[in-house]
Amino acid sequence: MEKKLILIGPLRQVLTLDGIPEKGAVKDEQLQIVEHAGMVLQNGVIQEIGDFDSLYQRWHEQAELVCTEGSQVALPGFIDCHTHIAYAGNRANDFALRNAGSSYLEIAEAGGGIWNTVSHTRASKEDQLVRLTVERARFLLSQGVTTIEVKSGYGLQVKEELKILSAIKTANRMTDADLIPTCLAAHMLPRDFDGGAKEYLDQMETVLFPLLKTEQLSNRMDAFIEKTAFQADVIKPYLQRAKEMGFDLTVHADQFTTSGSQIAVELGARSADHLEASTSTEIDLIAQSTTVAVALPAASLGIGCDFTPARKLLDAGACLAIGSDWNPGSAPMGQLLTSACILATMEKLTNAEVLSALTFRAAKALGLHDRGRLVPGMRADFILYKTDNYQNITYYQGSMLPAAVWKDGKEVVSNNNDGQYI
Ligand SMILES: [Zn+2]
């Protein structure tokens with residue numbers, strides 16, 4: 001097969017994210033910035049990054065030249081490591097009731113809460129769910145998100161969980177972003193299940209887990225560990241079983257009460273997500289582990305609660321990623337960069353910390369080693385912004401859209417913005 005070479009540039013700045021450690025606080029001075037840069041791509045993979053003129057001299061005869069207009073800045077494609085975008089329905093009424101002072105229980109009694117989304121999702125045909133998931137994935141892709149984790153969890157029956165995961169698999173073929181499916185059958189105990197939490201989880205283990213393997217629908221297992229969802233005594237053996245079967249683990253941990261992060265660390269989960277209620281005990285535990293701490297600022301903005309203690313986590317030495325948590329209940333915004341930039345102002349995060357959390361550190365949360373930094377050998381997934389200074393990307397808090405998004409060495413989004421963002 002012919003090896004297609006592309007030389008792209010000249011770029012005002014390329015932020016490679018190379019050399020930044022996987023864990024802990026990062027200063028902006030640690031960002032590697034290549035000025036007047038070119039990138040050589042081959043078969044969807046980065047071949048070389050360096051001074052444009054010298055790359056041009058060496059490669060212009062073999063490579064197709066893609067000239068970038070005006071001043072542009074490149075950085076790795078964003079990775080959203082926590083979403084629930086495969087759902088039907090709308091929970092605007094929950095949002096209104098919550099802001100009018102209703103309690104969680106009152107909202108559930110008025111027909112809201114997760115169960116409302118479960119009802120709508122179960123009532124949707126698989127192809128409707130595919131369409132909705134593709135639309136949301138494309139919206140994220142237009143913001144520069146090239147890899148998107150997508151959870152099930154609104155089926156809560158074997159056949160309905162399979163329907164959602166199968167919809168995610170089909171949606172993955174219909175969008176240029178990579179969708180990474182995660183099984184969240186342990187989202188809540190379904191109201192119509194005849195039995196307790198243990199019986200429900202047993203059924204998922206014995207019936208659903210093997211089907212996920214044979215139908216190759218997911219190799220990641222998630223659980224919502226909380227007093228109102230699943231508690232430690234039942235969820236630990238469930239996750240243990242998933243681990244034995246070869247699933248990667250991730251958990252919804254410490255959102256309102258602690259205990260989830262401890263289980264995550266004990267079981268060697270890839271990530272512990274939420275952590276708004278984590279105290280110094282949990283922060284230290286996570287920091288000393290290989291588990292990635294995932295902050296979900298859009299959920300704090302959606303329900304009006306504290307942010308994840310991101311500064312403390314980084315200072316303690318944790319690996320911090322940021323996800324959108326896009327879901328119809330607590331995080332309807334679907335704006336990854338905006339929510340990350342708001343977290344940065346509230347928690348005092350450096351640009352280097354925010355950009356690391358949206359790229360290679362989020363890749364680590366998903367167990368992906370082929371993306372998240374712009375270095376030779378990595379996938380050519382990157383975002384181009386029409387600006388002369390990377391600081392503008394976080395400064396505009398997500399309102400400056402990418403000029404282009406590239407996935408696997410191909411331009412998949414081109415926004416005809418005129419360049420100068422003021
Ligand atoms: Zn979530």
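Remember, it's 1-based here, ligands and their atoms both numbered in the order they're listed.
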**Fill in**
Output field for angle at the Zn ion (ligand 1), His84.NE2 vs His82.NE2, rounded to 10°, should show 100°
**Asked** Parallel under 30°, tilted from 30 to 60°, perpendicular over 60°: which one fits the rings of Trp326 and Phe139?
**Response** perpendicular
**Request:** Have a look at Asp325 and say which of its N, O or S atoms is nearest the Zn ion (ligand 1).
**Result:** OD1
**Asked** Are any N, O or S atoms from His252 nearer to the Zn ion (ligand 1) than 2.8 Å?
**Response** yes
**Asked** Among Thr338, Asp80, Thr83, which residue meets the side-chain hydrogen bond (donor to acceptor under 3.5 Å, both in side chains) test with Ser324?
**Response** Asp80
**Message:** One thing to verify: whether Glu149 and Arg220 come together as a salt bridge, which I'm taking to mean a side-chain N less than 4.0 angstrom from a carboxylate O.
**Reply:** yes
**Prompt:** Between Glu266 and Lys236, does at least one N-O distance fall below 4.0 Å, as a salt bridge requires?
**Reply:** yes
